[in-house]
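Just below is one structure, and these are the notes that go with it.
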Amino acid sequence: MELEKLLYKYFGYRTFKTGQKEVISSLLEGNHTIAMLPTGTGKSLCYQLPGYCLDGQILIISPLLSLMQDQVEQLMKFGVKRVVALNSFLDSEKRGFVLGNLTKYKYIFVSPEMLGIPSIIKKLQALNISLFVVDEAHCISQWGYDFRPDYSKLGEFRKKLGNPLTLALTATATKKVRKDIIQSLGLQEFNKIESTIDRPNIAFYVEHVPNYYDKPSRLIELVLQLQKPGIIYFSSKKVAEQMASLLAEKGINRVMAYHGGLDQEQRILIQQQFIHGQLDVICATSAFGMGVNKENIRFIIHYHMPMQIESYLQEIGRSGRDGDASIAILLYSPGDEQLPMQLAEGELPTELQIDWLFSQFPHRELLDHHFLEGNLHLRDIGGFSEVQWRIIKEFIKNPQVPSNPDRLKQSLKEFVNERITVKKDSIHYLKKWIKSNSCRRDLILDYFEEEAIKEKVSNCCDVCGVQLDQYNAKESAQTYPANEGMWKDYLANILLNSELSE
Ligand code: ADP
């Protein structure tokens, strides 16, 4: 059947979005495919639709629980029942049931940690996997902004599964990162489908706030005036909480904070309330976003300076998915780069910590990540954060690292230094972008080695003259009834409607 007919039959859409048809055709012709499509362009459909044409199962590797949850729901919304997510969210009883019945599912979502469990990979090996999908594939590359050590083993897992037909999906990857994805997955021949990173309906607006302490009052003004819904991103959980309370105090009631410190149920609840229009504003950390499939987000504000252009684009890309005008505002005050610098350094162990660790165990035990796993008091004595400890464990786990302790220590230090350089370079680049007097869109396109757009979009960026008040909430056109009797009916009507909408 023609692809358009399948699209309409199973998903109810008449036309493909940019890049979808090319990706799907490439896969159905049996080609491994790496696709870089902008956020919100419907990347999921690129593996959802082939599910109707391919015999075996579709295995999707996805980095975040919330993202997986959303993708499962998306498929269920289209009436697909044979879908399951294998992640730490499943209790052991449910996991046992799912693993015992894997052949019954068509779409299997799995977290990379789960693939590391031998009994799970064994179950997956027994299936007929017709498509191996790596979602958010930039997580594979250590040059990528969101490198996940778990992701770097996907090539190995893919091999264990018999090198099935593969689709790598990402929205933001420089050429270097794309090269890494291909190498890491072990793809020899493949098709590349790349569409522009640009989202013309999102305007860029950098606002220079003279002093960091002026930001709260400016934020309140902005949130009061802007068309909602919107997301405000913070680099700190605490500030996200504080600002959510402050906004609520100032009369913006439908606001909540969302960050990794909340438990899973709370997070899912807040996400759902936002998606279903019961909340107008989310004060979030980067924990919020991937997979938030809400079409009408009108603004994204960055209260703190992001750590890199890629994550910034991902975050602002959550707005304007309906194609309507939206705005991405970044509040910058002098010295703001200090916070991302500190965060970047804090994510990695220091040389001093590495020296200390190796001095404690100058011989073989250290080379075993299981040993580190069971030695949390060592982590605490050395003052390692969870992230730092995980990085060391993952590094040591890699079969390619030297076995000699001195050389191992040295290569760990080199790895850490490289990561810090990558992170600092990104922050410097972003600062240059903030301070620049050139078109912000052109600079971003240049970063991704894309050509500048010849015809300027109408609402491009602050440098090109975007006016903020264009993005204000429209005055309500409501007219109120003139006499008392009519008022009663009017109020009753409002009450009735609000009951219905609950
Ligand atoms: P992303 O590229 O960010 O992963 P998603 O796959 O989550 O985007 O899709 C974004 C939205 O676009 C979803 O609501 C999806 O149902 C919708 N969508 C996908 N393909 C089409 C299409 N061809 N026509 C209209 N809407 C589509």
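Residue numbers run from 1 in the order of the sequence given. Note that ligands are numbered from 1 as they come in the structure, with each ligand's atoms numbered from 1 the same way.
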Please list the nearest protein heavy atom to [atom] with its residue and the distance rounded to 0.1 Å.
atom                    : value
atom 9 (O) of ligand 1  : Gly42 CA, 3.3 Å
atom 12 (O) of ligand 1 : Lys17 NZ, 3.4 Å
atom 3 (O) of ligand 1  : Gly40 N, 2.7 Å
atom 19 (C) of ligand 1 : Gln20 NE2, 3.6 Å
atom 13 (C) of ligand 1 : Asn293 ND2, 3.5 Å

May I ask you to check whether [X] and [Y] show a side-chain donor-acceptor distance below 3.5 Å?
X      : Y      : answer
Gln74  : Gln48  : yes
Tyr447 : Glu310 : yes
Thr18  : Ser195 : no

### Query
Can you check whether Tyr312 and Trp433 have ring centres sitting under 6.0 Å from each other?
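Ring-ring flag for Tyr312/Trp433: true, centres closer than 6.0 Å.
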
#### Entry: Whether His304 and Phe234 hold their rings parallel, tilted or perpendicular, with breakpoints at 30° and 60°
perpendicular

### Query
What atoms of ligand 1 come within less than 4.0 Å of a heavy atom belonging to Gln74?
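Within the 4.0 Å cut-off of Gln74, ligand 1 contributes 7 (O).
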
### Query
If you measure from atom 15 (C) of ligand 1 to every heavy atom of Tyr13, Phe78, Phe11, which option wins on shortest distance?
Tyr13

### Query
Considering Pro38, Ala35, Ser44, Gly317, which one's heavy-atom position lies nearest to atom 6 (O) of ligand 1?
Ser44

### Query
For ligand 1, does Arg321 get within less than 4.0 Å through its side chain, its backbone, both, or neither, judged by non-hydrogen atoms?
side chain

### Task
Answer side chain, backbone, both or neither: which part of Thr15 comes under 4.0 Å from ligand 1, heavy atoms only.
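Backbone only; the side chain of Thr15 stays clear of ligand 1.
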
### Query
Does Arg440 pair with Asp462 as a salt bridge, N-O distance under 4.0 Å?
yes

### Query
Would you call Lys77 and Asp70 a salt bridge, using N to O less than 4.0 angstrom?
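Looking at Lys77 and Asp70, the cut-off is not met.
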
